[in-house]
> 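The structure follows.
Count residues from 1 along the sequence. Each ligand, and each atom within it, is numbered from 1 in the order the structure gives.
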Amino acid sequence: MFVFHPPVERVLLPGGSAVVTVVALVPAAGRGERLGAGRPKALVPVRGEPLLTHAVRGLLASGRVDHVVVAAPPAEVDQVADLLRPLGPAVHVVAGGGERTDSVRLALDAALTFAPAADVVLVHDAARAFTPPEVVRAVVDAVVGGAPAVVPVLPVADTVKQVDADGRVVGTPDRSALRAVQTPQGFAVDLLRRAHAAAEGAATDDAGLVERLGEPVATVPGHPWAMKVTTPFDLAVAEAVLAGEEGR
Ligand code: C5P
(Lines give C-alpha, C1' and ligand atoms only; values in the text may rest on other atoms or scores of the structure.)
Protein backbone atom coordinates (compact mmCIF):
# COMPACT_ATOMS: atom_id res chain seq x y z
CA MET A 1 0.00 0.00 0.00
CA PHE A 2 1.17 3.50 -0.80
CA VAL A 3 1.88 5.56 2.30
CA PHE A 4 2.78 9.23 2.18
CA HIS A 5 5.09 10.18 5.05
CA PRO A 6 6.16 13.80 4.68
CA PRO A 7 9.76 14.07 5.89
CA VAL A 8 9.86 15.95 9.18
CA GLU A 9 11.53 19.04 7.79
CA ARG A 10 8.89 19.36 5.02
CA VAL A 11 6.01 20.60 7.10
CA LEU A 12 3.83 23.68 6.91
CA LEU A 13 5.34 26.49 8.91
CA PRO A 14 3.20 28.62 11.23
CA GLY A 15 1.69 31.56 9.38
CA GLY A 16 1.02 29.57 6.22
CA SER A 17 4.38 29.76 4.45
CA ALA A 18 4.76 26.36 2.88
CA VAL A 19 7.95 24.35 2.79
CA VAL A 20 5.93 21.58 1.19
CA THR A 21 5.46 22.36 -2.51
CA VAL A 22 1.82 22.38 -3.53
CA VAL A 23 0.58 22.57 -7.12
CA ALA A 24 -3.07 23.09 -8.01
CA LEU A 25 -4.53 21.90 -11.29
CA VAL A 26 -7.67 23.62 -12.54
CA PRO A 27 -9.52 21.78 -15.30
CA ALA A 28 -11.38 24.58 -17.07
CA ALA A 29 -11.59 23.24 -20.61
CA GLY A 30 -15.26 22.18 -20.57
CA ARG A 31 -17.74 23.76 -22.96
CA GLY A 32 -20.25 24.32 -20.15
CA GLU A 33 -23.22 23.58 -22.37
CA ARG A 34 -25.62 23.07 -19.42
CA LEU A 35 -25.06 26.71 -18.53
CA GLY A 36 -26.13 27.78 -22.00
CA ALA A 37 -23.96 30.91 -21.89
CA GLY A 38 -22.57 30.42 -25.42
CA ARG A 39 -18.99 30.38 -24.17
CA PRO A 40 -16.80 28.11 -22.01
CA LYS A 41 -18.23 28.03 -18.50
CA ALA A 42 -14.94 29.06 -16.91
CA LEU A 43 -15.13 32.35 -18.80
CA VAL A 44 -18.68 33.22 -17.73
CA PRO A 45 -18.58 36.34 -15.52
CA VAL A 46 -19.98 36.58 -11.99
CA ARG A 47 -19.88 40.03 -10.37
CA GLY A 48 -17.80 41.23 -13.32
CA GLU A 49 -15.10 38.53 -13.31
CA PRO A 50 -14.95 35.11 -14.96
CA LEU A 51 -15.56 32.04 -12.78
CA LEU A 52 -11.98 30.96 -13.52
CA THR A 53 -10.50 34.16 -12.11
CA HIS A 54 -12.48 33.72 -8.90
CA ALA A 55 -11.38 30.06 -8.67
CA VAL A 56 -7.67 30.75 -9.16
CA ARG A 57 -7.72 33.72 -6.80
CA GLY A 58 -9.33 31.55 -4.12
CA LEU A 59 -6.59 28.92 -4.45
CA LEU A 60 -3.84 31.55 -4.13
CA ALA A 61 -5.65 33.22 -1.20
CA SER A 62 -5.30 29.98 0.78
CA GLY A 63 -1.59 30.73 1.20
CA ARG A 64 -0.87 27.02 0.62
CA VAL A 65 -0.57 26.88 -3.18
CA ASP A 66 2.78 27.50 -4.94
CA HIS A 67 1.77 26.94 -8.57
CA VAL A 68 -1.57 26.86 -10.37
CA VAL A 69 -1.88 25.13 -13.75
CA VAL A 70 -5.09 25.85 -15.64
CA ALA A 71 -6.25 23.57 -18.46
CA ALA A 72 -8.06 25.91 -20.83
CA PRO A 73 -10.14 25.17 -23.93
CA PRO A 74 -7.46 24.73 -26.66
CA ALA A 75 -8.88 27.60 -28.72
CA GLU A 76 -8.85 29.92 -25.71
CA VAL A 77 -5.37 29.36 -24.23
CA ASP A 78 -4.04 32.82 -25.15
CA GLN A 79 -7.21 34.57 -23.98
CA VAL A 80 -7.10 32.70 -20.65
CA ALA A 81 -3.39 33.45 -20.19
CA ASP A 82 -4.09 37.17 -20.73
CA LEU A 83 -6.99 37.00 -18.29
CA LEU A 84 -4.94 35.40 -15.52
CA ARG A 85 -1.68 37.32 -16.01
CA PRO A 86 -2.62 39.90 -13.33
CA LEU A 87 -2.72 37.08 -10.76
CA GLY A 88 1.05 36.69 -11.09
CA PRO A 89 3.77 34.31 -12.29
CA ALA A 90 2.59 31.34 -10.21
CA VAL A 91 -0.30 30.83 -12.64
CA HIS A 92 0.31 28.81 -15.82
CA VAL A 93 -2.10 27.98 -18.64
CA VAL A 94 -2.03 24.88 -20.86
CA ALA A 95 -4.42 23.42 -23.43
CA GLY A 96 -6.95 20.97 -21.99
CA GLY A 97 -8.14 17.72 -23.55
CA GLY A 98 -11.32 16.07 -24.77
CA GLU A 99 -12.53 14.85 -21.37
CA ARG A 100 -12.02 16.25 -17.89
CA THR A 101 -9.64 13.37 -17.11
CA ASP A 102 -7.50 14.29 -20.14
CA SER A 103 -7.39 17.93 -19.04
CA VAL A 104 -6.23 16.94 -15.56
CA ARG A 105 -3.54 14.63 -16.98
CA LEU A 106 -2.22 17.36 -19.31
CA ALA A 107 -2.17 19.89 -16.45
CA LEU A 108 -0.38 17.39 -14.19
CA ASP A 109 2.31 16.75 -16.82
CA ALA A 110 2.83 20.50 -17.17
CA ALA A 111 2.87 21.06 -13.40
CA LEU A 112 5.65 18.55 -12.97
CA THR A 113 7.80 20.47 -15.43
CA PHE A 114 7.21 23.74 -13.52
CA ALA A 115 7.55 22.10 -10.10
CA PRO A 116 9.31 18.72 -10.42
CA ALA A 117 9.70 18.47 -6.63
CA ALA A 118 6.00 19.00 -5.91
CA ASP A 119 4.74 17.01 -2.91
CA VAL A 120 1.02 17.72 -2.97
CA VAL A 121 -1.30 18.19 -5.92
CA LEU A 122 -4.79 19.65 -5.75
CA VAL A 123 -7.37 19.24 -8.48
CA HIS A 124 -9.98 21.98 -8.40
CA ASP A 125 -12.85 22.53 -10.83
CA ALA A 126 -13.04 26.06 -12.20
CA ALA A 127 -16.78 25.70 -11.79
CA ARG A 128 -16.35 25.63 -7.96
CA ALA A 129 -15.18 29.20 -8.19
CA PHE A 130 -16.25 30.35 -4.71
CA THR A 131 -14.66 27.64 -2.58
CA PRO A 132 -13.50 29.33 0.64
CA PRO A 133 -9.71 29.36 1.16
CA GLU A 134 -10.17 27.49 4.46
CA VAL A 135 -11.43 24.45 2.54
CA VAL A 136 -8.27 24.57 0.40
CA ARG A 137 -6.14 24.76 3.54
CA ALA A 138 -8.00 21.87 5.18
CA VAL A 139 -7.38 19.63 2.16
CA VAL A 140 -3.67 20.51 1.90
CA ASP A 141 -3.14 20.11 5.63
CA ALA A 142 -4.80 16.68 5.61
CA VAL A 143 -2.50 15.47 2.80
CA VAL A 144 0.56 16.94 4.52
CA GLY A 145 -0.66 15.26 7.71
CA GLY A 146 -0.33 11.86 6.03
CA ALA A 147 -3.57 11.14 4.11
CA PRO A 148 -2.55 10.32 0.50
CA ALA A 149 -5.95 11.30 -0.94
CA VAL A 150 -8.45 13.78 0.54
CA VAL A 151 -11.82 15.08 -0.63
CA PRO A 152 -14.06 17.81 0.86
CA VAL A 153 -17.60 16.54 1.41
CA LEU A 154 -21.03 17.65 2.61
CA PRO A 155 -23.89 15.55 3.95
CA VAL A 156 -26.64 14.89 1.41
CA ALA A 157 -29.91 16.70 2.15
CA ASP A 158 -32.05 14.87 -0.42
CA THR A 159 -32.99 11.21 -0.32
CA VAL A 160 -31.12 9.66 -3.27
CA LYS A 161 -32.60 6.89 -5.45
CA GLN A 162 -30.73 4.50 -7.71
CA VAL A 163 -32.60 3.94 -10.98
CA ASP A 164 -32.29 1.55 -13.94
CA ALA A 165 -31.97 2.53 -17.60
CA ASP A 166 -35.75 3.05 -17.79
CA GLY A 167 -35.82 5.38 -14.79
CA ARG A 168 -37.40 2.78 -12.47
CA VAL A 169 -36.22 2.96 -8.89
CA VAL A 170 -34.06 -0.03 -7.95
CA GLY A 171 -32.76 1.11 -4.57
CA THR A 172 -32.60 3.74 -1.85
CA PRO A 173 -29.11 3.99 -0.35
CA ASP A 174 -28.93 4.92 3.33
CA ARG A 175 -28.65 8.71 3.16
CA SER A 176 -26.61 8.93 6.35
CA ALA A 177 -23.79 7.08 4.58
CA LEU A 178 -23.78 9.34 1.49
CA ARG A 179 -21.72 12.49 0.93
CA ALA A 180 -21.69 15.05 -1.86
CA VAL A 181 -18.10 15.50 -3.02
CA GLN A 182 -16.51 18.85 -3.84
CA THR A 183 -13.09 20.10 -4.88
CA PRO A 184 -10.24 20.79 -4.38
CA GLN A 185 -9.35 17.15 -4.04
CA GLY A 186 -5.83 16.69 -2.69
CA PHE A 187 -3.27 13.96 -3.34
CA ALA A 188 0.28 12.96 -2.76
CA VAL A 189 1.74 13.64 -6.21
CA ASP A 190 2.94 10.09 -6.85
CA LEU A 191 -0.48 8.66 -6.04
CA LEU A 192 -2.29 10.93 -8.51
CA ARG A 193 0.29 10.10 -11.19
CA ARG A 194 -0.26 6.40 -10.59
CA ALA A 195 -4.04 6.81 -10.61
CA HIS A 196 -3.97 8.65 -13.94
CA ALA A 197 -1.46 6.23 -15.48
CA ALA A 198 -3.78 3.33 -14.60
CA ALA A 199 -6.99 5.15 -15.58
CA GLU A 200 -9.15 3.49 -18.18
CA GLY A 201 -11.94 5.66 -19.49
CA ALA A 202 -13.07 8.96 -18.05
CA ALA A 203 -13.92 9.66 -14.42
CA THR A 204 -16.03 12.47 -12.98
CA ASP A 205 -13.51 13.04 -10.20
CA ASP A 206 -9.90 12.18 -9.45
CA ALA A 207 -10.53 10.46 -6.14
CA GLY A 208 -12.56 7.92 -8.15
CA LEU A 209 -9.38 6.96 -10.00
CA VAL A 210 -7.54 6.55 -6.69
CA GLU A 211 -10.36 4.34 -5.39
CA ARG A 212 -9.95 2.09 -8.46
CA LEU A 213 -6.37 1.46 -7.25
CA GLY A 214 -7.80 0.27 -3.92
CA GLU A 215 -6.17 3.19 -2.06
CA PRO A 216 -7.93 4.93 0.83
CA VAL A 217 -9.56 8.34 0.37
CA ALA A 218 -10.10 10.53 3.45
CA THR A 219 -12.69 13.30 3.84
CA VAL A 220 -12.66 16.81 5.33
CA PRO A 221 -15.69 19.10 5.73
CA GLY A 222 -16.68 20.92 2.54
CA HIS A 223 -18.62 24.17 2.31
CA PRO A 224 -21.88 25.24 0.61
CA TRP A 225 -20.01 27.95 -1.33
CA ALA A 226 -17.91 25.24 -2.99
CA MET A 227 -21.03 24.39 -5.03
CA LYS A 228 -20.43 23.62 -8.69
CA VAL A 229 -21.84 26.28 -10.99
CA THR A 230 -23.51 24.14 -13.63
CA THR A 231 -26.89 25.64 -14.54
CA PRO A 232 -28.27 29.20 -14.94
CA PHE A 233 -29.91 28.69 -11.51
CA ASP A 234 -26.48 28.02 -9.93
CA LEU A 235 -25.15 31.17 -11.58
CA ALA A 236 -28.00 33.20 -10.08
CA VAL A 237 -27.27 31.67 -6.64
CA ALA A 238 -23.57 32.56 -6.95
CA GLU A 239 -24.41 36.15 -7.95
CA ALA A 240 -26.77 36.47 -4.98
CA VAL A 241 -24.27 35.01 -2.48
CA LEU A 242 -21.50 37.36 -3.65
CA ALA A 243 -23.82 40.35 -3.66
CA GLY A 244 -24.75 39.49 -0.06
CA GLU A 245 -21.07 39.29 0.88
CA GLU A 246 -20.28 42.64 -0.70
CA GLY A 247 -23.24 44.21 1.13
CA ARG A 248 -21.88 43.23 4.55
O1 C5P B 1 -18.69 18.99 -16.97
P2 C5P B 1 -18.30 19.20 -15.54
O3 C5P B 1 -19.00 20.38 -14.92
O4 C5P B 1 -18.35 17.97 -14.68
O5 C5P B 1 -16.76 19.61 -15.59
C6 C5P B 1 -16.02 19.78 -14.41
C7 C5P B 1 -14.80 20.62 -14.69
O8 C5P B 1 -13.97 19.94 -15.64
C9 C5P B 1 -15.15 21.99 -15.27
O10 C5P B 1 -14.39 22.98 -14.56
C11 C5P B 1 -14.77 21.85 -16.74
O12 C5P B 1 -14.30 23.09 -17.30
C13 C5P B 1 -13.61 20.85 -16.68
N14 C5P B 1 -13.43 20.11 -17.96
C15 C5P B 1 -12.16 20.13 -18.57
N16 C5P B 1 -11.96 19.49 -19.77
C17 C5P B 1 -12.99 18.85 -20.38
C18 C5P B 1 -14.27 18.80 -19.76
C19 C5P B 1 -14.46 19.45 -18.53
O20 C5P B 1 -11.22 20.74 -18.06
N21 C5P B 1 -12.75 18.28 -21.56
> Closer than 4.0 Å to some heavy atom of G98 - which atoms of ligand 1 meet that?
21 (N)

> Please report the interatomic distance NZ(K41) to OG1(T231), rounded to the nearest 0.5 Å.
9.0 Å

> Under a single-linkage definition using a 4.5 Å side-chain heavy-atom cutoff for Ile, Leu, Val, Met, Phe, Trp and Tyr, are L106 and F187 assigned to the same hydrophobic cluster?
no

> Starting from atom 11 (C) of ligand 1, what is the nearest protein heavy atom, named by residue and atom, and what distance separates them?
G30 N, 3.6 Å

> Could you list which atoms of ligand 1 come closer than 4.0 Å to a heavy atom of K41?
3 (O)

> Which atoms of ligand 1 are found less than 4.0 Å from any heavy atom of S103?
15 (C), 16 (N), 17 (C), 20 (O), 21 (N)

> For E99, which part has a heavy atom under 4.0 Å from ligand 1: side chain, backbone, both, or neither?
backbone

> Using distance alone, decide if ligand 1 has a nitrogen or oxygen within less than 3.5 Å of any nitrogen or oxygen in A71.
no

> Between A29 and ligand 1, which residue portion shows a heavy-atom distance shorter than 4.0 Å: side chain, backbone, both, or neither?
both

> Can you tell me if A127 has a non-hydrogen atom under 4.0 Å from ligand 1?
yes

> Return the residue, atom name and 0.1 Å-rounded distance of the protein heavy atom closest to atom 8 (O) of ligand 1.
R100 CG, 3.4 Å

> Please check if atom CG in D78 has more than 12 non-hydrogen atoms from other residues, nucleotides or ligands closer than 6.0 Å.
no

> Quickly, which of L192, V150, V22 forms a side chain to side chain contact (heavy atoms under 4.5 Å, CB included) with V120? Name it, please.
V22

> Which ligand 1 atoms does K228 reach within 4.0 Å, using its non-hydrogen atoms?
2 (P), 3 (O), 4 (O)

> Tell me, which protein residue and heavy-atom name are nearest atom 7 (C) of ligand 1, and how many Å apart are they?
D125 OD1, 3.4 Å

> Does A28 come within less than 4.0 Å of ligand 1, judged by its heavy atoms?
yes

> For ligand 1, which atoms, with element, lie under 4.0 Å from some heavy atom of G97?
17 (C), 21 (N)

> Would you say D164's side chain and D166's backbone share a donor-acceptor pair under 3.5 angstrom?
yes

> How many angstroms lie between atom CD of Q185 and atom CG of D205, to the nearest 0.5 angstrom?
4.0 Å

> With a cutoff of under 4.5 Å between side-chain heavy atoms, which Ile, Leu, Val, Met, Phe, Trp and Tyr residues group with V160?
V156, L178

> Do any N/O atoms on T230 end up under 3.5 angstrom from N/O atoms on ligand 1?
no

> Closest non-hydrogen protein atom to atom 13 (C) of ligand 1, residue and atom name please, with distance?
P27 O, 3.4 Å

> Between atom CG of L235 and atom CG of L51, what is the distance when rounded to the nearest 0.5 Å?
6.5 Å

> Could you tell me how the ring of H67 sits relative to the ring of F114: parallel (under 30°), tilted (30 to 60°) or perpendicular (over 60°)?
parallel

> Got a protein heavy atom sitting under 4.0 Å from atom 2 (P) of ligand 1?
yes

> CG/L112 to CZ/R193 distance, rounded to the nearest 0.5 angstrom?
5.0 Å

